[in-house]
Amino acid sequence: MANCFAPQLTFPSFTPRHVSPRMSHQSPKPSTSTTTSIFTSATKLLWGPSLPPGLLISTARTAWTTVWQLMMTQLAPSDSSGSYTRPISKFRLDPTQFPSAASSELHLYVGLPCPWAHRTLIVRALKGLNDAVTVSIASPGQDGSWEFKDNNIPIKDKDKLIPSLDKANRCRNLKEVYKSRTGGYDGRCTVPMLWDSRKKEVVCNESYDIIEFFNSGLNELARNANLDLSPPELKEMIQDWNQIVYPKVNNGVYRCGFAQSQEAYDGAVTELFSTLDEIEEHLDSNRYLCGERLTLADVCLFTTLIRFDPVYNILFKCTKKKLVEYPNLYGYLRDMYQIPGVAATCDISAIMDGYYKTLFPLNASGIQPVISSSGDQESLLRPHNRDLVGKAMEAQLAV
């Protein structure tokens, strides 16, 4: 199922000892370079300019592999083959029994790095629900859990999406929000999460349920009530695409990045790129997945594609191709990014921070690469010409 879980990974800190200079109110703290030079001197004293002894290297390799496997077990549950298996969402919505807008006070909890939460922000924006459904934006904490921070940034635009305090419950972190529901809760604390402030209850934490609800369950409150991203005549096609895109692309990139065996990675990456090849071919004659009409299926694909070159290609080892190497897919990405309201939900810097600085087992150094040119805003705003795709096909058929 589709949600983001920020695991609480706690690691002991290690501060190397050093000889401190005499301190005064003007004395600077020992610099990182000073500490590094001490380690360099120690290694030269122990084994000179050569690599450490083989025994030390093999011991370190074994220790790190063991710790990595323990952390990955917590971060990304897997089956016996080492393939990542996404846990099922706890709180679901029945599409035939959506909660009444009149009897609810809805509040949305999201994290900007999370692709599943991103879906809900896009549909909220497209439907014009910004006033009807307020939002609190959590940030990944030092231990990986979702927490709320006051950034003390003056905001001129009330709809601007930046990490914030908890506007509904004044909690310090998302775990406290979940625990505050009637009956409490000690399970996985994921985003997105839709909350009823009036009933003090979790409404839903499954992203697809939430975007279906936003699309059709709140039309009396929506500024764009006539927009239907899941029209009856396309529901079957949308479902068909979801059954392809979710396991092989949305979750497929995670199956690559969270694979705990070579076999699991090889299977996931082969399936991912064969599916991207198929979508690339389909988009050669279709503006969107379901033809000329934007649907929920497109929203679900977009939130993976916007993260592909900056994050998944590098961190998750989805390296066979970059998205920019797929002309139709990259044009499709730009087309959707330029839909009014969508770009405002995309914060590439927050996305990269959330992945590279939080997923310690995948990036122990915490070093963050520069944003690729294909993922920056200037490139995403370039003309896409996707509006000509359907017309070109119609012209060919008319000949």
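For the single chain, residues carry numbers from 1 onward in sequence order.
- In this pair, Tyr178 and Phe91 present their aromatic rings tilted. The plane angle is within the 30 to 60° band.
- Heavy-atom minimum distance, Ile371 versus Ser349: CD1-OG, 4.4 Å.
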* **side-chain contact (heavy atoms from CB on, under 4.5 Å) between Tyr288 and Leu301, worked out** => CA-CA 10 Å; Tyr288 301 114; Leu301 178 58; over 6 Å; no
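- Side-chain heavy atoms closer than 4.5 Å link hydrophobic residues (I, L, V, M, F, W, Y) into clusters, and following such links, even through other members, never connects Leu165 to Ile137.
- Between the side chains of Asn286 and Arg386, no donor N or O sits under 3.5 Å from an acceptor N or O.
- Under the 4.5 Å side-chain criterion, counting only non-hydrogen atoms from C-beta, Ile351 is not in contact with Asp347.
- Scored by the salt bridge (Lys or Arg N to Asp or Glu O under 4.0 Å) test, Arg293 finds Glu233 as partners (sequence neighbours excluded).
- Side-chain atoms of Asp196 come within 3.5 Å of backbone atoms of Glu105 as a donor-acceptor pair (strictly under, hydrogens ignored).
- Side chain to side chain, His107 and Ser197 fail the donor-acceptor criterion of an N or O pair below 3.5 Å.
- Looking at Arg334 and Ser379, their side chains never come closer than 4.5 Å, going by heavy atoms from C-beta outward.
- With salt bridges taken as basic N to acidic carboxylate O contacts below 4.0 Å, none links Asp387 and Arg287.
- Here the closest heavy-atom approach between residue Leu221 and residue Ala132 is recorded as CB-CB, 3.7 Å.
- Under the 4.5 Å side-chain criterion, counting only non-hydrogen atoms from C-beta, Arg307 is in contact with Tyr355.
- One finds a salt bridge joining Lys357 and Asp353 here, because a Lys/Arg side-chain nitrogen approaches an Asp/Glu carboxylate oxygen to under 4.0 Å.
- A donor-acceptor pair shorter than 3.5 Å can be found between the side chains of Asn250 and Thr304.
- Between the side chain of Asp298 and the main chain of Thr295, a donor-acceptor pair closer than 3.5 Å is present.
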* Test log, rule side-chain contact (heavy atoms from CB on, under 4.5 Å), inputs Ser139 and Phe148 -> CA-CA 6 Å; Ser139 303; Phe148 303 103; over 6 Å; no
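- Leu93 approaches Pro99 most closely through the heavy-atom pair CD2-CD, 3.6 Å.
- Interatomic distance, CG of Asn169 versus CG of Leu174, reported as 10.0 Å (0.5 Å rounding).
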* To do: Assess whether ring-ring contact (aromatic ring centres under 6.0 Å, His included) is satisfied between Phe308 and Phe302, documenting all intermediate values.
  => CA-CA 10 Å; Phe308 198 89; Phe302 173 83; over 10 Å; no
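- By the ring pair (Phe, Tyr, Trp, His ring centres under 6.0 Å) test, Tyr332 is found to be paired with no residue, residues two or more places apart in sequence or in another chain being considered.
- Taken to the nearest 0.5 Å, the CG atom of Asp166 stands 15.0 Å off from the NZ atom of Lys149.
- Residues Ile306 and Leu380 meet the side-chain proximity criterion, which asks for heavy atoms closer than 4.5 Å.
- Thr345 places a side-chain N or O within 3.5 Å of a backbone atom of Val342 that can act as its donor or acceptor partner.
- A donor-acceptor contact closer than 3.5 angstrom is absent between the side chains of Tyr109 and Asn205.
- The line from CD1 of Ile122 to OH of Tyr337 is 11.0 Å long, rounded to the nearest 0.5 Å.
- In terms of modelled atom types and a separation under 3.5 Å, the side chain of Asn313 and the main chain of Cys318 share a donor-acceptor contact.
- No side-chain heavy atom of Phe98 sits under 4.5 Å from any side-chain heavy atom of Leu218.
- For the 3.5 Å distance criterion, the side chains of Ser372 and Asp309 fail to qualify, holding no donor opposite an acceptor.
- No side-chain donor from either of Ser274 and Asp277 sits under 3.5 Å from a side-chain acceptor of the other.
- The closest side-chain heavy-atom distance from Val269 to Lys317 is not below 4.5 Å.
- Around CD of Glu378, the count of heavy atoms belonging to other residues, nucleotides or ligands within 6.0 Å does not exceed 12.
- Thr270 places a side-chain N or O within 3.5 Å of a backbone atom of Asp266 that can act as its donor or acceptor partner.
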* Could you give me the CA-CA distance, side-chain angles and deciding distance for Leu108 and Ser136, then say whether side-chain contact (heavy atoms from CB on, under 4.5 Å) is met? => CA-CA 6 Å; Leu108 180 65; Ser136 290; over 6 Å; no
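- Note that CG of Leu194 and OG1 of Thr120 are 8.5 Å apart. Values are rounded to the nearest 0.5 Å.
- Within the 4.5 Å cutoff, no side-chain heavy atoms of Trp146 are placed close to those of Asn173.
- Within the 4.5 Å cutoff, the side chain of Trp116 has heavy atoms near those of the Pro192 side chain.
- A search for ring pair (Phe, Tyr, Trp, His ring centres under 6.0 Å) contacts involving Tyr326 returns nothing, not counting sequence neighbours.
- Within a 6.0 Å radius of CG in Asn226, no more than 12 heavy atoms belonging to other residues, nucleotides or ligands are found.
- Atoms CG and CD1, on Leu229 and Ile238 in that order, are 8.0 Å from each other to the nearest 0.5 Å.
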* side-chain contact (heavy atoms from CB on, under 4.5 Å) assessment of Cys300 paired with Tyr208 -> CA-CA 8 Å; Cys300 293; Tyr208 201 82; 3.7 Å; yes
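- Ion pairing of Glu147 with Lys175 is absent here, as no side-chain N (NZ or NE/NH1/NH2) approaches a carboxylate O to less than 4.0 Å.
- Across every non-hydrogen atom of Ala117 and Val110, the tightest pair is CB-CB, 3.8 Å.
- Glu206 places no side-chain N or O within donor-acceptor distance of the main-chain N or O of Arg92, the cut-off being under 3.5 Å.
- In this structure a side-chain-to-backbone donor-acceptor pair under 3.5 Å is present from Arg124 to Asn130.
- Between Lys200 and Ser180, the side chains place no donor N or O within less than 3.5 Å of an acceptor N or O (distance only, hydrogens not considered).
- At distances below 3.5 Å, at least one donor-acceptor pair connects side-chain atoms of Glu325 with backbone N or O atoms of Lys322.
- One distance of note links CD1 of Ile348 with CD of Gln377; it measures 9.0 Å at 0.5 Å rounding.
- By the 4.0 Å N-to-carboxylate-O rule, Arg172 lies close enough to Glu176 to be salt-bridged with it.
- A cation-pi arrangement is found for Arg86 relative to Tyr254, the charged atom lying closer than 6.0 Å to the ring centre and inside a 45° cone about the ring normal.
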* To do: Apply side chain to side chain donor-acceptor pair (under 3.5 Å) to the pair Asn219 and Lys127, showing each step before the final yes or no.
  => CA-CA 8 Å; Asn219 278 335; Lys127 289 290 293 187; 2.8 Å; yes
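- Between the side chain of Tyr356 and the backbone N or O of Leu359, no donor-acceptor pair lies under 3.5 Å.
- Taking all atoms of both residues into account, the shortest heavy-atom contact from Val123 to Asn215 is CG1-N, 4.1 Å.
- Using a 4.0 Å cut-off between charged nitrogen and carboxylate oxygen, Arg181 and Glu201 count as a salt-bridge pair.
- Contact record, Ala264 with Ser83: CB-OG, 3.4 Å, taken as the closest heavy-atom pair.
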